[in-house]
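Start at 1 and go down the list; that is how both ligands and their atoms are numbered. In this text, all values refer to a predicted model and were calculated from it rather than measured experimentally. Side chains included, hydrogens not; waters and symmetry mates left out as well; all remaining heavy atoms used.
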Amino acid sequence: MNIAVFVSGNGSNLQALIEAESRGDISPGKISLVVCDNPQAYALERAAKAGKKVFVLEAEKGKAREEYDRQVAERLEKEEIGGIVLAGFMRILSGEFIDRYKNRILNIHPSLLPKFKGARSIKDAFEAGTKETGVTVHFVTSELDAGPIILQEKVSVDEGETLETLKEKIHRIEHKVYPEVVKLFTRGKLKIQGDKVEIKE
Ligand code: GAR
């Protein structure tokens, strides 16, 4: 299955997926395209180093979200993309795009959803003084940071924890779980039943 990984920034999750792919750990998934909305993203260097095709499309002021997404979809069709993996992609996708790729878009989020939605989840969790946070991988629906949850892994916030050490812990977990979920997805092991996801053995 041809996969497109969507990124906006550092791309450490992209890197983890690229490394998993090279070990054969996401097969039959194949990262066929990296989509990016930010020409300055370090993720683009990672993609280039791995020899991945990239599609960079910056948002233009005044351009409708649907129009941006249509341009992306056009490119995805050209590459015969079957699954979309959001890895730190900080744009909101239009309902039209999400419907087009219904049940084929995965997202990773650095909290135990539905807690700490949004773009600053690790910081928000840390500042709230929570003793436990984590990582969620879910299917994308038109509701932001919602959608059927595939997997969650907890991360404890320990005595003496700093925002930096918490970020590191969360990213370490992300880099482990995301390739695992992408593998299950590309092998057809994820079955959505209403709001729940069943993982088939
Ligand atoms: C990751 O922590 C991911 O969970 C988060 O952005 C980071 C991207 O890091 N995504 C969100 O907050 C989505 N709401 P990366 O560019 O190093 O993979």
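- For atom 16 (O) of ligand 1, the nearest protein heavy atom (residue, atom name, distance) is G11 N, 2.7 Å.
- A donor-acceptor contact under 3.5 angstrom links the side chains of T136 and Q152, judged on distance only.
- Residue K115 qualifies as open at atom NZ: its count of foreign heavy atoms under 6.0 Å is 12 or below.
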Does the side-chain contact (heavy atoms from CB on, under 4.5 Å) test come out yes or no for L144 and I92, once each step is laid out? CA-CA 8 Å; L144 190 63; I92 294 172; 4.1 Å; yes

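- At least one N or O atom of H171, backbone or side chain, sits closer than 3.5 Å to an N or O atom of ligand 1.
- Annotation: atom 17 (O) of ligand 1 to nearest protein heavy atom, S12 OG, 2.6 Å.
- Applying the 4.0 Å criterion to heavy atoms of G88 picks out, from ligand 1, the atoms 6 (O), 8 (C).
- Salt bridge status for K30 with E21: absent, with no side-chain N to carboxylate O gap under 4.0 Å.
- The shortest N/O to N/O separation between N107 and ligand 1 does not fall below 3.5 Å.
- The single protein non-hydrogen atom nearest to atom 4 (O) of ligand 1 is E174 OE2, 2.4 Å, given as residue, atom name and distance.
- Listed by number with element, the atoms of ligand 1 under 4.0 angstrom from any heavy atom of H109 are 4 (O), 13 (C), 14 (N).
- Enclosure of atom CD in E74 is not indicated, since only 12 or fewer non-hydrogen atoms of other residues, nucleotides or ligands lie within 6.0 angstrom.
- The environment of D25 atom CG is dense: over 12 non-hydrogen atoms of other residues, nucleotides or ligands sit within 6.0 angstrom.
- Counting atoms of ligand 1 from 1 in the listed order, those under 4.0 Å from a heavy atom of N10 are 16 (O), 17 (O).
- Partner of T165 under the side-chain hydrogen bond (donor to acceptor under 3.5 Å, both in side chains) criterion, out of K169, E168, K167, E161: E161 alone.
- Within the structure, the closest approach of I108 to ligand 1 falls below 4.0 Å when heavy atoms are considered.
- Checked by distance only, ligand 1 and M90 stay at 3.5 Å or farther apart across all their nitrogen or oxygen atoms.
- Classification of the F97-F6 ring pair by plane angle, with boundaries at 30° and 60°, yields tilted.
- Ring geometry for H171 versus H175: interplanar angle under 30°, hence parallel rather than tilted (30 to 60°).
- Protein heavy atom closest to atom 5 (C) of ligand 1, with residue, atom name and distance, is P110 CD, 3.8 Å.
- Looking only at heavy atoms of the protein, atom 9 (O) of ligand 1 is closest to N13 ND2, 4.0 Å.
- With ligand atoms numbered from 1 in the order given, ligand 1 contributes 14 (N) to contacts under 4.0 Å with heavy atoms of G118.
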